[in-house]
Every structure is written in C-alpha cells, then in structure tokens.
Amino acid sequence: MSKFNKTVIGLVGPKTCGKSTVVNMLCEFYPIQESALADKLKNVICEVLNLKREQMDLQNLKEVPFENPVILDSQIVSKVLEKFEIEPVSSNISTCNSVLGKELRSPREAAQIIGTEVLRNIDTNIHCKSVRISDSAFTVVSDIRFLGIVTGK
C-alpha cells in the first residue's frame with residue numbers, strides 16, 4: 001500500500017453530477033478513503049445547533065426548514081470557531097458582523113452561511129485544512145463543487 005501513501009484525488013463538478021458515483025466505482029478497484037471538504041463543518045454545525053448528521057447529508061432533509069429558525073449570534077459563532085480551533089477573539093467575531101442576526105432557516109442554509117460567510121471570511125483555506133487524509137489509501141475528496149476551491153481563485 002505504500003505506493004498510495006498520501007495520494008489525494010479531488011473530484012470537481014456541480015451538485016448531483018456524479019462525483020459520489022465515481023467514488024463508488026473507484027472503491028471497487030482501489031483502496032479508497034472518501035473525505036469531504038464539508039465533513040468537519042457538518043459535524044460542528046450538528047453539534048452546535050443540535051442537529052442529526054442526516055439533516056446535513058440527505059437531500060430530502062437538508063432543505064427542510066427548521067421548526068424555529070436559528071438566529072446566528074456571537075455565541076454560535078464563538079462555539080463554531082472553538083470547534084475549528086480558531087480563537088474566538090473579537091476581531092474574528094467582528095469579521096462576521098454582516099451575518100450576525102441572520103436567520104438560518106434550514107441545515108443547508110446554516111452550512112452555507114457558517115461555512116462561507118463566517119469561516120471562509122476568517123480563513124479561506126479552512127475547509128481544505130480540515131480534510132482527513134489517509135496514510136494507507138487514496139483519499140478522494142468528493143465534494144469539490146468549484147475549481148476555484150482547489151486553485152484558490
């Protein structure tokens with residue numbers, strides 16, 4: 001297996017284009033660990049907002065509106081930052097001022113706003129830094145939707 005050591009393959013394409021299907025096909029022939037840019041984000045949002053992971057993963061659940069919309073406040077932002085090992089100092093929280101007070105109406109919207117307008121405004125590479133990379137198999141990152149994520153543009 002050492003010839004596969006630290007090999008990372010990123011699949012780029014729009015939503016529902018078949019990236020997961022390609023991962024499943026690769027798994028038939030190679031030792032593969034699937035990883036996703038959004039894994040840590042989804043786990044953190046579930047923990048902070050008390051959601052089930054299925055609400056973040058399943059197409060039919062992630063768009064379902066919350067019974068009571070969540071208001072994004074500095075307490076939620078601080079908890080998210082701590083989980084990402086980012087110091088929740090006032091300068092980091094003030095970076096998020098434009099979204100504080102915003103209603104998060106569904107799991108998908110929570111992930112979009114927290115993942116982009118909070119975390120990526122603080123560190124544009126935050127999601128890349130949190131990807132799990134296998135030491136003994138190919139790592140396939142299956143949720144790269146836009147090439148700019150890979151190239152930094």
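Please read all numbers here as calculations on a predicted model, not as lab measurements. What's counted below: heavy atoms across the whole structure, side chains too, no hydrogens, waters or symmetry copies.
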Electrostatic pair [X]-[Y], nearest N-O below 4.0 angstrom:
| X | Y | value |
| --- | --- | --- |
| Lys19 | Asp143 | no |
| Lys102 | Asp73 | no |
| Lys62 | Asp57 | no |

Item checked: Asp39 and Val131: CA distance, side-chain angles, deciding distance, side-chain contact (heavy atoms from CB on, under 4.5 Å) verdict -> CA-CA 8 Å; Asp39 277 341; Val131 170; over 6 Å; no
To the nearest 0.5 Å, tell me how far [X] [atom1] sits from [Y] [atom2].
| X | Y | atom1 | atom2 | value |
| --- | --- | --- | --- | --- |
| Gln33 | Thr7 | CD | OG1 | 12.0 Å |
| Thr116 | Leu41 | OG1 | CG | 8.5 Å |
| Lys42 | Ile114 | NZ | CD1 | 14.0 Å |
| Arg53 | Ile45 | CZ | CD1 | 10.0 Å |

Which pair of heavy atoms, one from [X] and one from [Y], lies closest together, and at what distance?
| X | Y | value |
| --- | --- | --- |
| Glu109 | Arg105 | OE1-N, 2.6 Å |
| Cys96 | Val77 | SG-CG1, 4.0 Å |
| Ile86 | Leu119 | CD1-CD2, 4.2 Å |
| Val64 | Pro107 | O-CD, 3.4 Å |
| Ile76 | Leu72 | CG2-CD1, 3.7 Å |
| Leu104 | Phe66 | O-CD1, 3.1 Å |

Is the backbone of [Y] close enough, under 3.5 Å, to the side chain of [X] for a donor and an acceptor to pair up by distance?
| X | Y | value |
| --- | --- | --- |
| Ser130 | His127 | yes |
| Ser35 | Arg132 | yes |
| Ser78 | Ser74 | yes |

Next item on the list: Report the C-alpha distance between Val70 and Glu103 in whole Å, list the side-chain angles of each, state the deciding distance to 0.1 Å, and finish with yes or no for side-chain contact (heavy atoms from CB on, under 4.5 Å).
Entry: CA-CA 6 Å; Val70 174; Glu103 273 189 9; over 6 Å; no
Margin query: Applying side-chain contact (heavy atoms from CB on, under 4.5 Å) to Leu11 and Val140, what does each step give before you reach the verdict?
Written below: CA-CA 7 Å; Leu11 300 178; Val140 178; 3.7 Å; yes
Are [X] and [Y] side-chain neighbours, meaning at least one heavy-atom pair lies under 4.5 Å?
| X | Y | answer |
| --- | --- | --- |
| Thr139 | Ile9 | no |
| Gln75 | Lys79 | yes |
| Lys40 | Lys129 | no |
| Ile122 | Leu81 | yes |

Next item on the list: Answer yes or no: does atom CD of Gln112 have more than 12 heavy-atom neighbours from other residues, nucleotides or ligands under 6.0 Å?
Entry: yes
Side-chain heavy atoms nearer than 4.5 Å, only ILVMFWY residues, links allowed to pass through others: does that put [X] and [Y] together?
| X | Y | answer |
| --- | --- | --- |
| Ile71 | Leu49 | no |
| Val141 | Met25 | no |
| Phe84 | Val99 | yes |
| Leu51 | Leu61 | no |
| Ile144 | Val8 | yes |

Next item on the list: Verify side-chain contact (heavy atoms from CB on, under 4.5 Å) between Gln55 and Cys46, making sure each step is shown before the conclusion.
Entry: CA-CA 8 Å; Gln55 290 175 273; Cys46 287; over 6 Å; no
Check: Are side-chain N/O atoms of Glu63 and Ser106 paired as donor and acceptor at under 3.5 Å?
Finding: no
